[in-house]
**Q** 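Here it is, the structure in full.
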Amino acid sequence: MKGVLESLIRGLGTGSVYALLALGFVIIYKATRVISFAQPALMIAGAVAVSYLVQVTGFYVAVLLSTLLIAGVALVVERVAIRPMVGRPVFVVAIITLGVDVVIRVVVNGFIGLDVRQVGDPWGLRLADIGGLAVQQRWIAMFLTTAVLVGLLFAFFRYTRYGLAMRAAAFDQETALAQGVSVGMVFALSWGLAGGLAAVAGTFVGTGQGVDQLTWIIALKALPAIIVGGLDSLGGAVIGGLVIGVVESLVQSYQGDLAPWLGQNFAVVTPYVVMLLVLLVRPYGLFGTPEVERV
Amino acid sequence: MLEVRNLEAVYDDVMLVLRGVSLRVPAGSVVALLGANGAGKTTLLRALSGLLDVHDGEITKGSVLLDGEPVHGLLPAQLVRRGISQVMEGRRIFAELTVEENLKVGAHTAPRRAAANLERVYGLFPLLKERRKGVSGYLSGGEQQMLAVGRALMSGPRYLLLDEPSLGLAPALVGQIRDLVVEINKQGTTILLVEQNAAMALSISTHGYVMETGKIVMDRPAAELLADEDIKEFYLGLGAEGAVKSFREVKHYRRRKRWLS
Amino acid sequence: MTGGEEEPGAAPPVLTFEDVGLSFAGVTAIDGVSFEVAPAELFAVIGPNGAGKTSVFNVLSGVYRPQRGRVTFLGEDILGLPPHRIAEMGLARTFQNVELFHNLTVLDNLMLGRHHHFGYGPLSALLWLGRARRQELAARARVEDIIDFLDLAAWRRHPVRLLPYGVQKRVELGRALAMEPRLLLLDEPVAGMNLEETEDMARFVLDARDELGVPIVLVDHDMGLVMDLADRVLVLDFGRPVALGTPAEVQSDPEVIEAYLGGAP
Amino acid sequence: MTRMTGRTGDLEAVAEPPRADPAAPRARRPRGRPLLYTSYSQDMALLDTRAKKVWLALLLGVAILSSGLPDDLLILLAGGYVAAIGAIGLNIVTGYAGQVSLGHAFFVAVGAYAAAALSGDPEGRVIGFGITNMIVWLPAAGLVAALAGVLVAPLAARLRGLYLAVVTLGLVFLGEHVFKEWDDLTGGPGVGRPAAVPELFGFRFDVDSALGTRAQSLYMLMLVLLVVFAVAARNLARSRIGRAFSAIRDRDIAAEVIGVPLTRYKTLAFAISSFYAGCAGALMYTITGFFDPGSFNLLMSVQFIAMILIGGVATVSGAVAGALFITLLPRLTQELPALLPFVSGDTTQTPNVFQIQVALYGLLIVLFLVFEPRGLFGLWVRVRAYWKSWPFSY
Amino acid sequence: GVIRGDDEDQKAAVTTGVTNEPCPLAVDRNKGCIYLGTISDLTSGPFAALAVPITQAQKAFWNRVNKAGGIGGKYEVDVQAYVRDNKYNPETHNQVYQEIKNNVLGLAQTLGSPTTAAILADLKANNVVSAPASWTSAWEFEDVIVESGSNYCIESMNAVDYAMETYEPKTVMAVHYAGDYGADAAAGAKIAAEGNGLEFTAVETPAGATEQGRAITEITKNKPDLVILTTGPADAAAIIGQSAAAGFKGRFIGTGPTWNPALLQSPAAPAILALYEQSAPGKPWGADTPGHKAMREALGNVTPNDGYTSGWSWSYPLKAALDKMVAGGDVSRKGLLAAVKSLSTVDYEGMLPPEAGNYAGDPNTATFRQTLISKPDRAAPTGVTIVKDFYTGPTAQSYTMDGPCFDKL
Ligand SMILES: Nc1ncnc2c1ncn2[C@@H]1O[C@H](COP(=O)(O)OP(=O)(O)OP(=O)(O)O)[C@@H](O)[C@H]1O
Ligand SMILES: Nc1ncnc2c1ncn2[C@@H]1O[C@H](COP(=O)(O)OP(=O)(O)OP(=O)(O)O)[C@@H](O)[C@H]1O
Ligand SMILES: CC(C)C[C@H](N)C(=O)O
Ligand SMILES: [Mg+2]
Ligand SMILES: [Mg+2]
């Protein structure tokens with residue numbers, strides 16, 4: 001039982017990182033109907049920026065600066081490579097983000113160099129004792145940070161008109177323009193937010209274990225998470241991320257004993273299995289908006 | 001005053017669709033723009049609201065002046081802020097948003113007046129109020145058309161460009177739309193009305209233009225147009241003696257208009 | 001009268017619609033509507049916006065599944081059949097908001113109308129063997145007739161998305177005709193057209209009925225057109241039938257005037 | 001080589017399919033189009049104009065003459081031709097039928113393993129049946145992959161847009177897992193297995209022979225196969241099936257209402273597309289002779305998508321052009337930095353040539369798509385439209 | 001029978017990849033040039049962090065050879081004209097190999113097993129001698145591949161035998177990547193464990209520090225006395241750090257590529273210092289041998305990394321073979337291969353024992369079986385100091401190399 005709880009908590013910890021990553025994807029999707037494949041690069045860039053800044057400013061300031069920096073990078077990318085594509089087929093834009101990802105990663109890899117870089121977080125691998133359970137402190141930090149950021153985002157979308165503007169722009173850019181929505185501004189906003197979130201997520205990925213040139217791959221975990229939650233739902237992204245994290249963690253712990261016939265490391269593909277199962281029942285994920293079609 | 005001078009517009013760098021169009025919409029007036037399918041009416045409205053770009057189109061010559069100031073380089077959002085708002089052809093509602101959300105997007109540039117404008121629109125279209133929580137994509141064609149008109153009013157525009165607002169509306173509602181146009185015009189909004197329902201349009205306009213293949217071919221006060229023989233025949237469906245013709249008697253397709261030859 | 005010999009009701013009806021009811025979460029779209037369409041009849045359905053006209057079409061073509069009622073087409077019960085099956089039986093329609101395949105040319109759109117008339121499979125398509133080739137040529141000849149008929153020759157190779165609205169409506173009619181329908185449903189065929197184009201469309205509709213003998217169900221808000229062309233008219237309001245009769249009868253029905261026509265024409 | 005010239009009639013389909021031209025109405029026929037067709041069959045032919053025939057002859061000539069290029073380029077081009085077969089396949093499901101699939105790598109893998117297993121050494125470390133004749137394993141690989149496509153289709157048919165894209169991406173991850181675990185078939189990650197043996201009735205294409213070097217044989221083999229697959233795809237596109245695919249892409253409800261059964265056609269699209277992918281997979285590794293399960297990843301799927309986007313969606317010639325572009329791009333970017341004197345060849349320096357190469361790869365894709373979102377085909381249409389509609393077609 | 005365009009370039013050629021013209025960066029312009037290719041994982045692949053220093057060290061190595069008079073006084077060696085990035089992808093590897101193969105005599109480096117396997121047939125058909133950058137046991141069976149130092153399989157056998165002496169474990173767990181690297185080492189650990197009568201389990205783990213949950217669970221649940229790790233550095237840190245945090249007290253021994261000096265900066269450092277040791281096919285950067293000294297001098301002011309050490313030491317057999325080839329007079333690929341086959345010792349300037357360079361015998365006798373064990377040490381340049389110098393454990397000693405180990409897991 002204790003084992004189950006511990007792997008559940010580990011799942012919630014990694015799940016909150018997936019959730020942060022997923023939020024970035026969802027925000028961009030909401031405004032542009034594009035899955036931005038540049039998120040992995042922005043994430044890793046954020047972590048690497050922290051690993052340099054932390055030596056000068058200390059951890060928390062470094063995270064803040066890195067978040068702003070990466071949001072800025074995302075804004076530049078948006079302005080240069082995405083804005084000109086307003087009104088273009090989304091898949092073309094998706095492939096462009098992929099090219100952007102390649103370019104950014106080359107640069108970031110230059111900064112990573114040969115070694116594993118440490119983000120210098122205050123938690124390390126220290127444990128906290130919660131009701132007799134050994135819980136890594138960084139997981140608690142991840143979970144709380146995610147909760148706070150999600151709260152802020154919800155408030156932003158709830159109390160400003162930009163949430164609606166994003167959805168309108170995503171549905172029909174021309175019509176949104178005709179309503180006076182500055183589609184460019186909406187794009188920039190979504191990219192900026194997503195970039196900042198990626199930086200925070202990247203930093204958390206790096207806690208306790210550092211970042212190297214391969215760390216970006218973890219960002220892909222957000223894809224099944226957003227499908228599970230529904231591509232355009234912020235709440236869904238959070239739930240999806242946590243579900244994926246928890247299921248994965250449980251499978252890591254118990255699949256070997258319970259279902260060895262699934263092969264070694266079945267956990268690696270559980271996010272996708274969960275995704276498929278959810279879609280069998282709900283083709284738009286748990287909270288996604290169904291496409292409206294009538295003739 | 002909204003004024004178009006000698007405007008030329010091209011799609012895809014090659015298709016010349018407006019060929020030197022000039023037109024004036026004096027403040028406070030209702031101006032009708034008539035023309036066959038493909039004449040370039042929608043293109044002209046796109047040029048006025050800054051949306052040509054989206055269609056790979058551009059203005060290659062001429063100018064658009066708003067109160068004497070050139071505005072043809074401005075972005076759509078800037079134009080909306082300056083008071084030009086458009087009801088687009090084909091309704092173009094945000095199908096995945098609810099009725100009320102659609103209207104709120106219309107108020108994007110005027111958040112402070114949103115609540116008041118919302119009440120005004122609901123007053124004009126009670127049906128929308130009834131369905132305000134419903135997903136707009138499931139509305140019937142005519143209901144969507146009301147929503148599109150309502151949405152354009154949400155920014156409280158000074159100039160309203162209406163692209164076939166009566167399309168798909170039941171006769172009773174066409175009457176209402178006409179009254180509505182008159183009403184908003186009275187409340188101070190200037191209107192450029194593109195319509196296929198020429199009788200309705202001319203009956204409430206001060207001035208009318210007829211456009212064919214990218215050119216203005218007639219430019220007269222609405223009353224004169226209503227009396228014009230050609231307009232009667234080709235736009236109002238009145239025979240020489242003023243009697244309404246029956247569709248069953250129509251024998252030929254594609255007649256040439258006299259003013260084009 | 002162009003309807004020809006068959007008096008409505010004499011021969012067995014092509015279509016029967018019996019006490020159909022359809023509603024969506026909270027909205028009643030159709031509520032107990034019944035009617036029949038006789039061979040070669042031009043039957044019109046009118047009513048205010050949201051009255052349920054398009055929904056009737058959607059039920060007929062299998063897009064909506066009503067909660068109650070019975071619908072037969074050519075004597076067969078078609079409720080529950082998938083749309084493509086109904087289309088294969090010979091029911092063709094146009095849509096209120098033009099639903100063409102907008103990246104395809106006029107020609108391809110029309111050829112698509114003939115989709116279920118082909119009988120060759122993937123292999124013969126990949127190899128373009130005799131069968132595929134012969135059938136395509138035959139279909140092309142039929143489609144060219146329609147192009148001539150609807151005067152679409154000038155647009156033949158244009159992607160339909162670039163065509164003016166009125167032409168798109170004509171292409172849609174052409175696509176329906178290419179299906180060689182045994183019943184034609186037209187949803188607001190002249191909306192957004194000027195007078196001249198409306199006249200053309202009226203001509204096409206009449207000719208289609210007269211030359212091909214297809215019965216037609218027409219929905220439109222252009223009263224001039226409806227009253228001129230229709231043999232019988234059904235009026236709906238809030239999904240309920242309000243009146244059914246000849247144009248003259250319907251036009252003078254006070255309930256219809258109240259609900260639909262309004263004061264001014 | 002003489003056998004090849006008989007195919008002259010077909011390759012031009014690759015050069016320029018008779019797409020509708022948006023800019024010019026029929027009344028003003030573009031130069032090179034005959035003013036009068038005497039029959040619909042002429043009008044519907046793949047090569048309906050003289051210009052197309054000339055283009056064809058030119059392209060084919062160039063392709064054949066290219067067999068005199070150095071071996072390394074031939075190998076590269078042969079790889080490009082195989083990639084083109086795969087890209088044409090993806091174009092069928094994604095370009096024509098509008099079902100965006102990021103799962104192409106999975107179907108490529110299925111084909112590659114089916115072929116490798118069929119033609120593998122029965123005594124070897126991994127599963128093999130010793131049937132090396134291509135005439136057997138190539139269609140078989142296609143069919144096994146097509147079967148996989150048919151199995152996936154029912155779920156796929158329920159999904160739309162990016163949901164479908166990510167689900168098919170999941171397929172790649174699941175497939176990777178299976179292939180990595182199934183050592184007996186794949187040899188396992190980092191170890192791999194020998195690929196299918198390209199043998200046709202005793203003639204081996206993967207060894208030097210009297211007819212030419214190994215590279216020349218492979219090049220010609222892939223060229224011929226590409227022509228065959230491309231022509232078949234063009235045929236499909238102009239048939240009822242291709243039209244039905246496009247109809248589903250443009251407006252699925254309307255398609256169904258005019259009589260196109262959606263699920264059946266989506267399944268068919270996946271099946272045919274996967275058939276192409278399977279064949280491409282089977283052929284792809286005959287060039288290296290060896291492959292490992294790590295190759296069938298997201299990157300491969302994405303590259304296929306990039307090929308059809310860069311080439312121009314829903315055109316066969318676009319897929320071919322895109323495939324060649326993507327395959328040749330690394331070679332190109334390899335040469336470019338040499339022109340920049342300040343770039344270091346020293347791998348410990350940043351930036352060094354190798355980093356610049358990778359960055360250029362990404363950058364060129366971005367630039368290309370930003371400036372020509374309709375791809376190479378769009379570029380071509382633009383050039384053509386410019387000449388044809390001058391001064392103005394209206 | 002076809003006339004090839006590239007024949008012209010070879011006018012000044014003695015044979016493929018050897019010219020009488022001096023090297024582009026020649027020290028002595030009177031000498032000819034032997035070109036060796038390099039195909040490595042230079043940017044985006046998983047081993048870039050190792051490949052870059054390997055490549056750099058080899059450049060320095062050959063530069064030193066050239067300065068010292070080159071090969072037999074007649075030739076210098078160029079390893080810079082034909083360097084290609086394989087992105088750790090077999091097809092790419094093959095493509096770039098095709099591109100350079102007519103310009104090089106052999107390959108100074110071909111990184112990775114599946115990648116090298118993708119060109120192996122061609123290497124064999126054309127007698128292209130190549131130095132691999134990987135230590136998999138499969139290479140023992142290929143004449144054209146000149147491997148230096150023990151393979152992963154032997155290295156892990158020795159690691160288990162060392163642990164037997166030192167910690168007397170009862171249970172052994174191999175936590176490993178799949179494939180030629182991880183499975184090769186795990187197979188060695190298994191053979192040694194079985195030979196020593198220990199309980200053995202193998203846990204395959206995917207790459208990625210966040211993917212190690214299962215490995216950690218297995219370790220903390222089964223509490224093996226010894227864990228043989230074959231992963232990458234970041235993953236190793238995750239496994240060691242989090243297992244220790246969860247109370248695991250057993251020992252870890254990792255293979256060479258598992259280590260990276262930066263791990264001592266990670267939060268897992270205390271656990272690593274307490275529980276971890278490292279097996280290796282060669283001595284670390286700071287070792288006191290003439291070869292190491294020469295390497296440090298040649299590379300100058302770089303951040304120490306044992307990628308350099310490996311790249312440098314692998315080059316000795318190629319140099320020995322080239323010397324022998326030039327001395328023997330048959331300057332050609334065949335000549336080089338013959339020279340390789342006649343080498344039974346190589347002078348590694350102390351970096352490896354001379355017997356490590358045995359390419360003459362059959363695979364089983366030629367297999368080199370000595371490795372060493374180091375322990376983490378903050379003071380050492382690459383973070384490790386030797387605790388047990390070159391040795392052969394009893395398992396490795398008696399083991400018959402009759403096929404790649406990874407097939408035996
Ligand atoms: N995006 C576009 N690209 C290319 N050509 C276009 C585009 N939009 C419209 N056209 C062409 O421009 C011409 C004018 O079209 P426009 O839509 O302005 O006509 P309209 O007068 O509004 O017609 P309707 O009454 O049918 O709405 C038409 O020939 C049309 O085919
Ligand atoms: N799929 C659906 N989901 C929810 N409500 C629907 C749906 N389809 C139709 N409705 C509702 O049913 C009613 C009837 O719609 P329908 O489209 O049939 O009207 P109509 O008579 O065609 O009107 P119009 O003349 O405006 O086109 C409307 O109130 C509409 O909002
Ligand atoms: C550089 C090495 C760690 C490479 C690894 N041994 C492989 O064969 O792929
Ligand atoms: Mg218009
Ligand atoms: Mg309707």
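So that the names make sense, note that chain A is the first sequence line, chain B the second, and so on, each numbered from 1.
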**Q** Between Glu96(B) and Arg167(A), what is the shortest heavy-atom contact and its length?
**A**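 Looks like O-NH2, 4.0 Å.
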**Q** Go through the atoms of Val105(B) and report whether side chain, backbone, both or neither lie under 4.5 Å from a heavy atom of chain A.
**A**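 Both parts, heavy atoms under 4.5 Å.
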**Q** With a 4.5 angstrom heavy-atom cut-off, is it the side chain or the backbone of Ile93(B) that approaches chain A, or both, or neither?
**A**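 Only the backbone of Ile93(B) comes within 4.5 Å of chain A.
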**Q** Over all heavy atoms of both residues, which pair between Ala178(A) and Val80(B) is shortest? Give the atoms and the distance, please.
**A**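 Shortest heavy-atom separation between Ala178(A) and Val80(B) comes out as O-CG2, 3.5 Å.
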**Q** I need the residue from Gly141(B), Ala95(B), Pro76(B), Ser49(B) with the largest number of non-hydrogen atom pairs under 4.5 Å to chain A.
**A**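 Maximum pair count with chain A is reached by Ala95(B).
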**Q** CG of Leu164(A) to OG1 of Thr98(B): how many Å apart, nearest 0.5 Å?
**A**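 Separation between the atoms: 8.0 Å.
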**Q** Which answer fits Ala176(A), side chain, backbone, both or neither, if we ask what part of it has an atom under 4.5 Å from a heavy atom of chain B?
**A**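 It is both, since atoms from each part get that close.
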**Q** Would you mind reporting whether Lys104(B) and Arg161(A) have side-chain heavy atoms less than 4.5 Å apart?
**A**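 Answer no - side chains too far apart.
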**Q** Take atom CZ in Phe125(B); do more than 12 heavy atoms of anything else shown fall under 6.0 Å from it?
**A**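 Yes, the 6.0 Å shell around CZ holds more than 12 heavy atoms from other groups.
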**Q** Which atom pair, heavy atoms only, marks the closest approach of Glu174(A) to Arg46(B)?
**A**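 Looking at all heavy atoms of both residues, the closest pair is OE2-NE, 4.1 Å.
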**Q** Inspect the surroundings of CZ in Arg24(B) and state if more than 12 heavy atoms from other residues, nucleotides or ligands are less than 6.0 Å away.
**A**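 Open.
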**Q** Which heavy atom in Gly180(A) sits nearest to a heavy atom in Thr109(B), and how many Å separate them?
**A**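 Closest pair (atom of Gly180(A), atom of Thr109(B), distance): O-CG2, 3.6 Å.
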**Q** So for Gln173(A), is it side chain, backbone, both, or neither that comes closer than 4.5 Å to the heavy atoms of chain B?
**A**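 Neither; nothing under 4.5 Å.
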**Q** Considering non-hydrogen atoms only, spot the tightest contact between Phe171(A) and Phe94(B) and give its length.
**A**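 So the two residues come closest at CD2-CA, 3.7 Å.
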**Q** Is it true that atom CG of Asp53(B) has more than 12 heavy atoms of other residues, nucleotides or ligands lying nearer than 6.0 Å?
**A**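 Atom CG in Asp53(B) is not packed in, count stays at 12 or less.
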**Q** Heavy-atom distances under 4.5 Å only: say whether Leu139(B) touches chain A with side chain, backbone, both or neither.
**A**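 Leu139(B) touches chain A through backbone heavy atoms alone.
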**Q** Which heavy atom of His108(B) sits nearest to which heavy atom of Ala165(A), and what is that distance?
**A**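 In terms of heavy atoms, the two residues are closest at CE1-CB, 3.5 Å.
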**Q** With a 4.5 Å cut-off on heavy-atom pairs, point out which of Arg81(B), Glu101(B), Gln86(B) contacts chain A the most.
**A**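 Ranked by heavy-atom pairs under 4.5 Å with chain A, first place is Glu101(B).
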